[in-house]
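Notes follow the structure.
What you see below is based on every heavy atom in this structure, not just the backbone, and it leaves out hydrogens, waters and symmetry mates.
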Amino acid sequence: MRILVTGGAGYVGSVSVERLLNAGHAVWVLDDTSTGHAQAVPTEARFSRATYADEDPVTRLLVDNSIEAILHCAARSLVGESIRDPAVYYRSNVVGGVALLEAARRAGVERFVFSSTAAVYGVPAVTPITESTPLDPINPYGETKRTFEGALRWYGAAYGLRSIALRYFNVAGASERYGEDHDPETHLIPNILGAVESGRPMTLFGDDYPTPDGTPIRDYIHVEDLADAHLLALQAAGEPIQPGAEPALRLNLGTGLGFSVRQVLSSAETVIGGAVPHTTGPRRVGDPPVLVASAERAREVLGWTPRRGSLAEMIGSAWRWRQAHPGGYGEP
Ligand code: UDP
């Protein structure tokens, strides 16, 4: 298959591009490197350093290269930033996203896989979260992802676009070549590893949640398992739509297992073989106590099974990648 990956220079995008190439697909990467890294794009992929939000050039790229499918990983994805500056999120994730959809429509690309997020659910009343759990995002990031999922649905109904939105839970770990290098870094596991490297304590955001050890529980999924799901979703989005069937699917990607912040911390100490310097601070605004996926639907629809579900594998791979890449990808 000839596949365009937006955001292919980012954390999830780079590992997914690697997976698609290994499966024998031809890959084009579109990334403006505003948050990604050119060094994270495998050399076997054709790389355009540009935005996905420019309809005319993207249409040309799709037509000139006979692209058959799009994996749309690019987005603004920081919750706090989205609350401070929602305009940026609506412009990139919604307006830019629709420009990409229009380019796809003009170029006749009918397969679309979208990086969505558990943030579309907000603070769900039930756990585990199934795809029919009501959507109620509590920040502009989740809201813009929900809005784009809606666009996919109506593009499917009206124009025949076959799409799958993958609602990621907490992505973690690294492949041998590609890992997580964000600035600023907000995620738990890289912050733990950063504290070990620097000796500066990381902050544990709250230990008074209604959970067994008082810290929030999350469903962590290895980035390489996520990449496997992308490959399977791109294949599944090629199946003809049965009459009356929903052209736009939404699937949770998690393992169905929940781990608390303290469990992650103690697993990291075991993997690293030393203490993680940390302090306990107040809760971070907008953090739900428990987010755990029901991953059944992705198993049924895609035949996907997470194979690297242990915290030790996720933390261990992230740790190895960081040790091999001190300073990350080394860009300013
Ligand atoms: N967390 C923390 N300290 C950090 C980063 C995260 O205690 O430096 C906690 C956070 O409050 C949440 C969990 O770790 O309960 C996972 O946070 P992360 O930002 O990795 O992912 P999120 O679940 O917010 O998408």
Side-chain angles (χ1 to χ4, degrees), residues 1 3 5 11-13 15-20 22-25 69-73 111-122 124-135 142 145-146 149 152-153 156 161-175 189 217-242 244-259 263-264 288 290-315 317:
M1 215 185 316
I3 305 166
V5 181
Y11 168 45
V12 166
V15 177
S16 299
V17 169
E18 184 183 23
R19 181 75 189 89
L20 299 177
N22 287 342
H25 297 293
I70 296 173
L71 172 59
H72 182 33
C73 295
R111 278 186 212 210
F112 200 98
V113 173
F114 172 53
S115 297
S116 191
T117 168
V120 296
Y121 296 112
V126 288
T127 195
I129 300 167
T130 68
E131 288 79 356
S132 48
T133 299
L135 304 188
K145 289 283 183 175
R146 189 244 303 252
E149 283 193 8
L152 288 177
R153 172 164 181 227
L161 183 75
R162 295 187 300 265
S163 69
I164 302 184
L166 300 172
R167 294 174 177 161
Y168 304 165
F169 280 64
N170 288 60
V171 188
S175 73
I189 293 173
I217 292 175
R218 294 289 181 273
D219 183 333
Y220 294 86
I221 169 170
H222 196 296
V223 66
E224 290 192 289
D225 283 332
L226 202 76
D228 287 346
H230 289 129
L231 174 62
L232 293 166
L234 283 160
Q235 286 159 355
E239 303 293 325
I241 301 165
Q242 301 304 317
E246 173 62 71
L249 293 176
R250 290 87 185 258
L251 302 175
N252 288 340
L253 288 186
T255 63
L257 297 173
F259 295 102
Q263 283 176 309
V264 175
V290 181
L291 286 176
V292 176
S294 160
E296 286 315 304
R297 189 140 190 247
R299 283 175 211 261
E300 281 162 27
V301 173
L302 302 179
W304 169 78
T305 315
R307 291 186 290 130
R308 309 159 186 92
S310 75
L311 279 182
E313 278 172 284
M314 291 183 235
I315 299 169
S317 63

* **Verdict with reasoning, Ile217 to Thr127, per side chain to side chain contact (heavy atoms under 4.5 Å, CB included)** => CA-CA 11 Å; Ile217 292 175; Thr127 195; over 6 Å; no
* Given side chain to side chain contact (heavy atoms under 4.5 Å, CB included), test Thr130 with Glu296 step by step and report yes or no. => CA-CA 8 Å; Thr130 68; Glu296 286 315 304; over 6 Å; no
* To do: Check the pair Leu231, Leu20 against side chain to side chain contact (heavy atoms under 4.5 Å, CB included), reporting the backbone distance first and the verdict last.
  => CA-CA 6 Å; Leu231 174 62; Leu20 299 177; 3.7 Å; yes
* Stepwise, does the side chain to side chain contact (heavy atoms under 4.5 Å, CB included) test hold for Leu166 with Trp304? -> CA-CA 12 Å; Leu166 300 172; Trp304 169 78; over 6 Å; no
* Given Arg153 and Glu246, is the salt bridge (charged side-chain N to carboxylate O under 4.0 Å, His left out) satisfied, shown in steps? -> CA-CA 8 Å; Arg153 172 164 181 227; Glu246 173 62 71; 3.8 Å; yes
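Distance alone, capped at 3.5 Å, places no donor-acceptor pair between the Asn252 side chain and the Ala295 backbone. No donor-acceptor pair under 3.5 Å is formed between the side chain of Asp219 and the backbone N or O of Phe169.
Note that CG of Leu302 and CD of Glu300 are 10.5 Å apart. Values are rounded to the nearest 0.5 Å. A distance of 11.5 Å separates OG of Ser163 from CD1 of Ile70, quoted to the nearest 0.5 Å. Considering CG of Leu71 and NE2 of His25, their distance stands at 11.5 Å, rounded to 0.5 Å. Note that the CD1 atom of Ile3 and the CZ atom of Arg111 stand 8.0 Å from one another [nearest 0.5 Å]. Here OH of Tyr220 is found 9.5 Å from CD of Gln263. Values are rounded to the nearest 0.5 Å. The CD1 atom of Ile129 lies 5.0 Å from the CG atom of Leu291; values are rounded to the nearest 0.5 Å.
A salt bridge does not link Arg307 to Glu224: none of the charged nitrogens lies less than 4.0 Å from a carboxylate oxygen.
For Phe114, the ring pair (Phe, Tyr, Trp, His ring centres under 6.0 Å) partners are His72, Phe148, not counting sequence neighbours. In terms of the salt bridge (Lys or Arg N to Asp or Glu O under 4.0 Å) criterion, Glu313 has no residue partners (sequence neighbours excluded). Partners of Arg167 under the salt bridge (Lys or Arg N to Asp or Glu O under 4.0 Å) rule, at least two apart in sequence or in another chain, are Glu149. Remark: Arg146 pairs with Glu143 by the salt bridge (Lys or Arg N to Asp or Glu O under 4.0 Å) rule, at least two apart or across chains. Remark: His230 engages Tyr168 in a ring pair (Phe, Tyr, Trp, His ring centres under 6.0 Å) (not counting sequence neighbours). Applying the salt bridge (Lys or Arg N to Asp or Glu O under 4.0 Å) rule to Asp225 yields the partners Arg308; only residues at least two apart in sequence or on another chain are considered.
Closest approach of Gly122 to Pro288, counting heavy atoms only: O-CG, 3.8 Å. Closest approach of Ala174 and Ser317 over heavy atoms only: N-OG, 3.1 Å. Closest non-hydrogen pair, Leu251 versus Arg297, comes out as CD2-CG, 3.5 Å. The two residues Cys73 and Ser115 make their nearest non-hydrogen contact at CA-OG, 3.3 Å. When all heavy atoms are compared, the tightest approach of Arg162 to Ala237 is NE-O, 2.7 Å. Summarising the geometry of Ile164 relative to Ala233, their closest heavy-atom pair is CD1-O, 3.6 Å, with the distance given to 0.1 Å.
Contact annotation: the side chain of Ser132 never approaches that of Arg250 to less than 4.5 Å [non-hydrogen atoms, C-beta and beyond]. Under the 4.5 Å side-chain criterion, counting only non-hydrogen atoms from C-beta, Val264 is in contact with Ile189.
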